[in-house]
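First the structure, in the form of structure tokens, and then the observations on it.
If you're wondering where the values come from, they're calculated on a predicted model, not measured in any experiment.
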Amino acid sequence: MNPKSGRTIPLYFKVSPEEKELIDKKMEQLGTHNQRAYLRKMAVDGYVVRVDMTEFKELASLLRNCSNNLNQIAKRVNSTGHLYEEDIADLKSRYGELWGAFSSLLSKLEDL
């Protein structure tokens with residue numbers, strides 16, 4: 001027991017082979033291998049939520065693309081003094097994609 005973690009009280013319990021199998025299946029479904037953390041989370045909160053981060057990663061990618069495009073346009077404007085219609089149209093398009101992905105993600109989070 002690690003006193004630094006604040007966890008100094010040991011808890012021990014026994015389960016049947018069937019219960020152990022159920023615990024292992026649920027851990028596998030969740031994609032976790034740390035049995036202590038899983039059992040602690042279940043005992044304290046009563047549930048564990050696994051979040052699919054795919055859409056967050058897509059949103060982060062769109063944000064990076066938008067900021068890269070904006071930086072490139074800012075450099076060009078600073079060096080030439082001209083702002084092109086194509087640049088503005090591209091930014092509007094990417095900004096629309098970004099907001100669409102963000103809105104979709106927010107609505108999915110509200111459904112949780």
Side-chain angles (χ1 to χ4, degrees):
M1 287 169 279
N2 185 354
K4 291 181 184 178
S5 71
R7 297 185 178 118
T8 58
I9 302 170
L11 293 177
Y12 301 100
F13 60 94
K14 293 183 180 185
V15 295
S16 69
E18 294 82 15
E19 290 170 328
K20 174 69 169 119
E21 190 176 320
L22 279 171
I23 290 169
D24 290 342
K25 282 183 183 178
K26 288 185 178 189
M27 286 178 58
E28 186 178 325
Q29 288 173 347
L30 204 61
T32 186
H33 300 288
N34 187 335
Q35 189 175 52
R36 285 183 184 193
Y38 172 77
L39 293 173
R40 188 180 311 114
K41 181 75 173 161
M42 291 302 291
V44 172
D45 294 337
Y47 63 92
V48 179
V49 177
R50 181 177 181 191
V51 178
D52 180 10
M53 299 299 287
T54 307
E55 293 188 44
F56 286 102
K57 290 176 183 177
E58 180 184 333
L59 186 59
S61 175
L62 287 171
L63 278 169
R64 271 191 298 277
N65 288 343
C66 265
S67 66
N68 287 344
N69 288 350
L70 187 58
N71 285 338
Q72 290 172 0
I73 291 169
K75 283 181 185 178
R76 191 172 334 134
V77 168
N78 286 333
S79 66
T80 65
H82 299 292
L83 181 61
Y84 300 101
E85 285 294 321
E86 300 88 37
D87 292 338
I88 294 171
D90 184 50
L91 275 178
K92 284 182 180 179
S93 169
R94 292 189 184 269
Y95 193 69
E97 286 178 41
L98 181 62
W99 271 108
F102 185 71
S103 297
S104 171
L105 188 57
L106 275 181
S107 67
K108 288 181 181 180
L109 287 174
E110 288 174 353
D111 292 340
L112 291 179

Given the rule that I, L, V, M, F, W and Y join up when any side-chain heavy atoms are under 4.5 Å apart, are Met53 and Leu98 in one cluster?
yes
| task | Give a yes or no on whether Leu11 and Tyr38 share a hydrophobic cluster (residues Ile, Leu, Val, Met, Phe, Trp, Tyr; joining criterion: side-chain heavy atoms under 4.5 Å apart). | result | no
Once rounded to the nearest 0.5 Å, what's the spacing between atom [atom1] of [X] and atom [atom2] of [Y]?
X	Y	atom1	atom2	value
Leu62	Lys57	CG	NZ	14.5 Å
Asn71	Cys66	CG	SG	11.0 Å
Lys26	Thr32	NZ	OG1	14.5 Å
Leu63	Asn68	CG	CG	10.5 Å

Is there side-chain contact between [X] and [Y], with at least one heavy-atom pair below 4.5 Å?
X	Y	answer
Leu39	Met42	no
Asp87	Gln72	no
Glu97	Ser93	yes
Asp90	Arg94	yes
Met27	Ile23	yes

| message | If we ignore hydrogens and angles and just use 3.5 Å, is the side chain of Ser103 paired with the main-chain N or O of Trp99 as donor and acceptor? | response | yes
N/O donor-acceptor pair under 3.5 Å between Asn78 side chain and Ala74 backbone:
yes
So Tyr84 and His82, would you call those rings parallel, tilted or perpendicular, with 30° and 60° as cut-offs?
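Aromatic pair Tyr84/His82 classed tilted.
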Given a cutoff of under 4.5 Å between side-chain heavy atoms of I, L, V, M, F, W and Y, with clusters grown through shared members, what are the other residues clustered with Val77?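 Leu70, Ile73, Leu83, Ile88, Leu91, all in the cluster of Val77.
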Inset, instruction - Answer yes or no: are there more than 12 heavy-atom neighbours, outside Glu85 itself, under 6.0 Å from its atom CD? - result: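 No, the 6.0 Å shell around CD holds no more than 12 heavy atoms from other groups.
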Correct closest heavy-atom pair for Asn34 and Ala37 would be OD1-N, 3.1 Å
